[in-house]
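All figures in this text were calculated on a predicted structure; none of them were measured in a lab. Below, read A as the first sequence line, B as the second, and so on, with proteins coming before strands; counting in each chain starts at 1.
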There are 2 protein chains.
Amino acid sequence: MIVSIDYESDTPLYTQLYDEIVRGIASGRLESGENLPSVRSLAGDLGINLHTVNKTYQLLKQEGFVHIHRQKGAVVQPAGSLPVTDAFRTRMERQLESLASEALCRSMREEEFLERCRSAYRSIRPQARDTHEGGRER
Amino acid sequence: MIVSIDYESDTPLYTQLYDEIVRGIASGRLESGENLPSVRSLAGDLGINLHTVNKTYQLLKQEGFVHIHRQKGAVVQPAGSLPVTDAFRTRMERQLESLASEALCRSMREEEFLERCRSAYRSIRPQARDTHEGGRER
DNA sequence: ATGTTTGTTATACACAAAGCATAACAGATA
DNA sequence: TATCTGTTATGCTTTGTGTATAACAAACAT
């Protein structure tokens with residue numbers, strides 16, 4: 001698993017790490033049942049503190065993306081096992097409306113806005129044709 | 001102009017204020033050439049410090065949403081005057097991919113994802129039919 | 001001219017978040 | 001038993017957020 005961290009970014013390290021792992025799960029690069037590296041080894045590879053990685057893992061556990069067993073480490077949950085919660089819906093709506101507002105201020109038309117949304121979605125799983133229920137990976 | 005601030009939110013006050021004003025401009029509720037309230041009066045109305053409002057105005061000025069003249073205060077720039085910068089494109093792409101990743105993990109299909117994007121866009125300007133070039137407001 | 005309102009700048013302070021360092025504990029495994 | 005795992009506990013520094021107070025300069029109304 002390759003993760004890249006940007007120390008210049010203004011987004012916290014644990015948030016960057018969280019986003020990258022969620023993306024990995026969504027893309028299928030991190031398969032269900034796979035083990036994430038231990039907090040110590042990942043922290044060592046990235047050159048950051050163990051607690052920063054641990055904070056990321058706690059968030060992932062809290063959101064249901066991984067389960068954590070002692071000694072086995074963090075294991076990726078099946079992608080379809082997570083529901084679309086109200087909290088996620090609300091957060092998504094808020095972020096989208098914020099983006100749409102700025103896009104409108106820059107006179108980006110609905111077409112282009114939606115095209116960018118579509119290409120963002122497809123950039124995560126370029127190979128997926130219709131992957132909603134079954135969970136067929138490859 | 002009505003702005004609501006949530007003190008319980010984890011997003012900073014100046015960011016909330018920024019988002020609300022940008023939304024106001026995008027929606028047309030804040031028209032081009034209109035004056036924003038002074039930093040002191042808005043701070044007074046919201047019950048927050050003048051510097052917090054000033055920080056928001058500085059951000060808005062920096063991004064080109066308003067111009068600031070002494071004594072006249074902050075005036076809203078015409079909505080079409082802002083270009084789609086590379087910085088905005090990059091930020092939009094990053095946020096969309098992050099949202100799409102989580103949506104995919106929750107097995108939200110492309111249809112629903114795009115439908116939510118569309119409804120977010122339209123919720124900003126419910127009346128706009130095709131407002132791309134001319135800047136016809138009403 | 002004078003006083004008021006405007007944005008602007010400068011300090012200082014309190015509080016929380018982020019990140020790091022170090023250490024220790026408990027469970028699982030070889 | 002030794003080693004790896006996640007976990008918890010302190011302590012510390014740096015940065016971001018928000019407030020408080022004060023002062024300055026430009027524009028405007030009287």
Query raised in the report: Does A:Asn54 make a side-chain N or O approach to OP1 or OP2 of D:dG6 shorter than 4.0 Å?
Result: no
Query - Nearest heavy atoms of B:Tyr121 and A:Ala100, plus distance in Å - result: CA-CB, 3.8 Å
Requested in this report: Could you tell me the separation between the CG atom of B:Leu42 and the C1' atom of C:dT6, rounded to a whole number of Å?
Outcome: 14 Å
Report task. Take atom CG of A:Leu60 and atom C1' of D:dG6, then tell me their distance rounded to the nearest Å. Result -> 14 Å
Query raised in the report: Is the backbone of A:Gln95 close enough, under 3.5 Å, to the side chain of A:Ser98 for a donor and an acceptor to pair up by distance?
Result: no
With a 3.5 Å cut-off and sequence neighbours excluded, list the donor-acceptor pairs that the side chains of residues 49-59 of chain A form with protein atoms.
| unit_1 | atom_1 | unit_2 | atom_2 | d |
| --- | --- | --- | --- | --- |
| A:Asn49 | OD1 | A:His51 | N | 2.8 |
| A:Asn49 | OD1 | A:His51 | ND1 | 2.8 |
| A:Thr56 | OG1 | A:Tyr14 | O | 3.1 |
| A:Thr56 | OG1 | A:Thr52 | O | 3.3 |
| A:Tyr57 | OH | A:Pro37 | O | 2.6 |

Query raised in the report: Think B:Ser38 has a side-chain N or O under 4.0 angstrom from the OP1 or OP2 of C:dT5?
Result: no
Report summary line: To the nearest angstrom, the CD1-C1' distance between B:Ile68 and D:dA27 comes to 15 Å
Query raised in the report: What residues form a salt bridge (Lys or Arg N to Asp or Glu O under 4.0 Å) with A:Arg106, not counting sequence neighbours?
Result: A:Glu102, B:Glu63
Requested in this report: Would you confirm whether B:Glu110, through its side chain, and A:Arg118, through its main-chain N or O, come within 3.5 Å as a donor-acceptor pair?
Outcome: no
**Report entry** Whole-Å distance separating the NE2 atom of A:His67 from the C1' atom of D:dT7
**Finding:** 18 Å
Query raised in the report: Just how far, in rounded Å, is C1' of D:dG18 from OH of B:Tyr18?
Result: 20 Å
Query raised in the report: Does B:Gln58 have a side-chain nitrogen or oxygen under 4.0 Å from the phosphate oxygens OP1 or OP2 of C:dT8?
Result: yes
For nucleotides 17-20 of chain C, which of its nitrogen or oxygen atoms have a protein nitrogen or oxygen under 3.5 Å away, and what is each distance?
| unit_1 | atom_1 | unit_2 | atom_2 | d |
| --- | --- | --- | --- | --- |
| C:dA18 | OP1 | A:Tyr14 | OH | 2.7 |
| C:dA18 | OP2 | A:Tyr14 | OH | 3.4 |
| C:dA18 | OP2 | A:Lys55 | NZ | 3.0 |
| C:dG19 | OP1 | A:Leu13 | N | 2.6 |
| C:dG19 | OP2 | A:Leu13 | N | 3.4 |
| C:dC20 | OP2 | A:Asn49 | N | 3.1 |
| C:dC20 | OP2 | A:Thr52 | OG1 | 2.8 |

Report task. Please state how far atom CZ in A:Arg40 lies from atom P in C:dA21, giving the value in whole angstrom units. Result -> 14 Å
Query raised in the report: When you check the gap from the basic side-chain N to the acidic O, do B:Arg23 and B:Glu20 get nearer than 4.0 Å?
Result: no
